[in-house]
Amino acid sequence: MTDNDARVIITNNPNVQQITSIDFAHSSEKLFAQILDYYGIQWEYEPHTFPLEWDDDGNIIEAFSPDFYLPQQDLYVELTTMRPQLITRKNRKLRRLQEIYPQVNIKLFKRGDLRTLMVKYGLDQEAGLITGSEAQKREI
Amino acid sequence: MNLIPTMNSNELVADISEILISSEEIDERIRSMGAEISADYANQRPLFVGVLKGVLFFMADLLRSITIDVEVDFMAVSSYSSETRDQGLVRLVKDLETPIAGRHVIFVEDVVDTGLTLNYLLRNLTTRDPVSLEVCTLFNKPKHRLIDIPIKYKGFDLPDQFVVGYGLDHRERYRNLPFIGILQEDAVYSS
């Protein structure tokens, strides 16, 4: 595996998508997509997979697919509803992603960030859904 | 204005865990921004455009610190909420009364956070052919910025905390606090 090979990004969903056609992994992702739609921002859901680790035969053994890509901003967005102490693995993946693909712009919205965003929009019920241990169970 | 007697009897203060930016610091920064804008736009009679409601305190103080001839107008937009989301797209609920074609426009914001609302409004205003369109914000929260927006005049960067006061609200409360304070967590999430 060469450095060049490592930078081959797998394209999953190449086009701007519609909410109704997507099986979101978590309700907070659907809400985030609805907010983007409301403000007229183009987005794609998990459009690319970034290989992060390979075995000796060059097979991908770890990869990362950020939840959203905003093509007009060239920005990836990853959402997580996991408790801060449980996101070590995700943080490690993000660090690895930025080591291998330094040109990739990505923002992580943690659970507290999402709650704040929802409260800001008056979505108290939705904010309540990402508190407590139930939120971890619903996240992939 | 001496605000200390007001603060001691202000029932909203009990929900504030820490004052981040005092009213004196806000006043001083706004005077500096006003002087800078006055110098940049001398003899150009810029139009200051604000989006209601949070900007009203900043707009009032900023305009009083400006020493050149200016005009002011306001817009209002629907925010995403459980009530408006079924309407589809954000929409103007109050448009400008002043044509901006051929004008120098300064878009004034209380805070730029994700940039979603501001991006929508700037796209809208750009179609009206102003000579120039710049952004002036008193507060900037860059951590959650989704839309990269050039900001020409900026007062303060805010940390990633739930802050209120000087126009910033939580469920329409706390705007009238004269400082920027961190809202206690139980006040943020209590119904």
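Chain A is the first sequence line, chain B the second, and so forth, proteins listed ahead of strands; every chain is numbered from 1.
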- So what's closer than 4.5 Å to chain B heavy atoms on A/Ile35: side chain, backbone, both or neither? both

- What part of B/Val188 lies closer than 4.5 angstrom to a heavy atom of chain A: side chain, backbone, both or neither? both

- Looking at A/Ile41, A/Asp113, A/Leu70, A/Leu36, which has the largest count of heavy-atom pairs under 4.5 Å with chain B? A/Asp113

- Any ion pair linking B/Arg31 and B/Glu28 (charged N to carboxylate O, less than 4.0 Å)? no

- Message: Once you measure the plane-to-plane angle for A/Tyr39 and A/Tyr121, does it fall in the parallel (<30°), tilted (30-60°) or perpendicular (>60°) bin?
- Response: tilted

- Query: Salt bridge check: are A/Glu62 and A/Arg96 linked by an N-O gap of less than 4.0 Å?
  - Reply: no

- Item | Any residue of residues 112-127 of chain B which, by heavy atoms, sits under 4.5 Å from chain A | B/Asp113, B/Thr114, B/Leu116, B/Thr117, B/Asn119, B/Arg123

- Would you call A/Lys107-A/Glu78 a salt bridge at under 4.0 Å N-O? no

- With sequence neighbours left out, the residues meeting side chain to side chain contact (heavy atoms under 4.5 Å, CB included) with B/Asp169 are B/Glu172, B/Arg175

- Contact origin within A/Gln73 toward chain B - heavy atom pairs under 4.5 Å: side chain

- Quick one: list whatever passes ring-ring contact (aromatic ring centres under 6.0 Å, His included) with B/Tyr166, sequence neighbours left out. none

- Query: Which answer fits A/Phe109, side chain, backbone, both or neither, if we ask what part of it has an atom under 4.5 Å from a heavy atom of chain B?
  - Reply: side chain

- Under 3.5 Å side-chain donor-acceptor pair for A/Asp74 and A/Tyr69: yes

- Message: Report which part of A/Leu117 has an atom under 4.5 Å of a heavy atom belonging to chain B: side chain, backbone, both, or neither.
- Response: side chain

- Query: In terms of side-chain geometry, is the basic nitrogen of B/Asp61 or B/Arg64 positioned less than 4.0 Å from the acidic oxygen of its partner?
  - Reply: yes

- Task: Tell me, please, which residues at least two apart from B/His170 pass ring-ring contact (aromatic ring centres under 6.0 Å, His included).
- Result: B/Phe162

